[in-house]
Amino acid sequence: VSVGNGLVDLYGKLKNVEDARKLFDNMPERNVVSWSAMIAGCVHNDFAEEALKLFEQMQLEGVSANDFTLSSVINACSSLGNIEKGKSLHSDVRKAGFESNLVVGSALVDMYVKCGSLRDARDVFDKMSERDAVSWTSLIAGYAEHGCGEEALDLFVKVLDEGLKLDEFTFASVLRVCARMACLVQGKQVHAYIVKAGFESNPMMGSALIDMYTKCGDTSHALVVFNKIAEQNAVSWTTLIAGYAQHGLSKEALLLFDKMVGAGIEPN
RNA sequence: UGGCAUGGGAAUA
């Protein structure tokens, strides 16, 4: 069974859901790991509906879900924006006693965020017994997405207070908030944290910083950041070009585009 | 007892 599970997982990760499914269907024996791997494979390859179907089938066959199964199938509801199913899974989580599980909790927060119910997301978040960078980022990104900049920044201050190690995903979400609010003061503070955390040359940090600086009207700092990125990718270039264009610097933007092509980056 | 599976992020439009 373990070998089969490993193969189902591998095919799913290689984006070959068809073969994963063939393997899964032909397994002489299936346990909760087999089902979880197959469900996760579907979710990661944009077959969220199929993941929900598999979950139902699993229950019909009398296999009970564990924390891994639940987080994957909750993630399926996130991508579908299916809050009804999400809520019913939330009650399954409570019944199965996975309420205090870190991963399941973060998946629920993300699910409610993607379904547009920030109240529920906040409620789950507040009730979690432990939180990591993912839990915090899910909620911060949720507030960012829904235009609740104040709440997002408030959370960021709190997580800094807790002394939790943050990753580039958290910083990217906070920078997005600063960009939207055109708040240069906050943005510069976040920039300082990024430098301190050693993420300065990270391409994702670079594009988030460029976006923040241009939306705040500081194109010269945006250029400084751009030049510090270890390896500029298409997003780095696009962000800078769009930032210049937004400020009427169309000649500079066109020049940048030529430079991008010259640097061997394919425009998309 | 151990082994295999699960959650979050950036530009443009």
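- Screening residues 190-213 of chain A for salt bridge (charged side-chain N to carboxylate O under 4.0 Å, His left out), with sequence neighbours left out, gives A/E200-A/K228, A/D211-A/K215.
- The separation between A/D167 atom CG and B/A10 atom C1' is 13 Å, rounded to whole Å.
- A/A133 comes within contact range of at least one nucleobase, with a heavy-atom separation under 4.0 Å.
- The stretch residues 32-46 of chain A touches RNA chain B through A/V33, A/S36, A/A37, A/A40, A/H44, each having a heavy atom within less than 4.0 Å of the strand.
- Within residues 140-165 of chain A, no residue has any heavy atom under 4.0 Å from RNA chain B.
- Computed from coordinates, the A/D132 CG to B/G7 C1' distance equals 9 Å when rounded to whole Å.
- Rounded to an integer number of Å, the gap from NZ of A/K114 to P of B/G8 is 7 Å.
- In this structure, a donor-acceptor pair under 3.5 Å is present between the side chains of A/N233 and A/S236.
- In this view, A/D67 and A/F98, A/N101, A/V104 satisfy the side-chain contact (heavy atoms from CB on, under 4.5 Å) rule, not counting sequence neighbours.
- For residues 157-177 of chain A, the pairs satisfying side-chain hydrogen bond (donor to acceptor under 3.5 Å, both in side chains) are A/T137-A/T170, A/E145-A/R176, A/D167-A/T170, A/E168-A/N202, with sequence neighbours left out.
- Only A/N66, A/D67, A/F68, A/S71, A/S72, A/N75, listed by number, bring a heavy atom of residues 66-92 of chain A to less than 4.0 angstrom from any atom of RNA chain B.
- A distance of 8.5 Å separates SG of A/C178 from CD of A/Q189, quoted to the nearest 0.5 Å.
- In this view, A/D126 and A/R122 satisfy the side chain to side chain donor-acceptor pair (under 3.5 Å) rule, not counting sequence neighbours.
- A salt bridge links A/K22 to A/D19: at least one charged side-chain nitrogen sits closer than 4.0 Å to a carboxylate oxygen.
- If you take CZ of A/F125 and P of B/G7, they are 20 Å apart, rounded to a whole angstrom.
- Here the C1' atom of nucleotide B/G8 and the CG atom of A/L102 are 11 Å apart, to the nearest Å.
- A/M260 has its CE atom 12 Å from the C1' atom of B/A11, to the nearest Å.
- Comparing B/A11, B/G8, B/U6 by their nearest atom to the side chain of A/K13 picks out B/U6.
- A/Y112 places its OH atom 15 Å from the C1' atom of B/G7, with the value rounded to the nearest Å.
- The aromatic rings of A/W237 and A/F226 lie perpendicular to each other, with more than 60° between the two planes, well past the 30° mark.
- At whole-Å resolution of the value, CH2 in A/W237 and P in B/A13 are 19 Å apart.
- Under the rule for a side chain to side chain donor-acceptor pair (under 3.5 Å), A/S207 has no partner lying at least two apart in sequence or in another chain.
- With a 4.5 Å cut-off on side-chain heavy atoms, A/V1 and A/V33 do not count as touching.
- A donor and an acceptor atom never sit less than 3.5 Å apart when one is taken from the side chain of A/S138 and the other from the base of B/G8.
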Does the side-chain hydrogen bond (donor to acceptor under 3.5 Å, both in side chains) test come out yes or no for A/S135 and A/D132, once each step is laid out? CA-CA 5 Å; A/S135 337; A/D132 66 359; 2.9 Å; yes
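- A heavy atom lying under 4.0 Å from RNA chain B marks the following residues of residues 207-217 of chain A, by number: A/S207, A/A208, A/D211, A/K215.
- Residues meeting the side chain to side chain donor-acceptor pair (under 3.5 Å) test with A/K13, sequence neighbours left out: A/D9.
- Pairs of residues two or more places apart, or lying in two chains, that qualify as side-chain hydrogen bond (donor to acceptor under 3.5 Å, both in side chains) and include a residue from residues 30-43 of chain A are A/N5-A/N31, A/N5-A/S34, A/N31-A/S34, A/S36-A/T69.
- The listed nucleotides are B/A10, B/U12, B/A11; the one nearest the side chain of A/A172 is B/A10.
- Every pair passing side-chain hydrogen bond (donor to acceptor under 3.5 Å, both in side chains) that includes a residue from residues 45-54 of chain A is listed here, sequence neighbours excluded: A/R21-A/E50.
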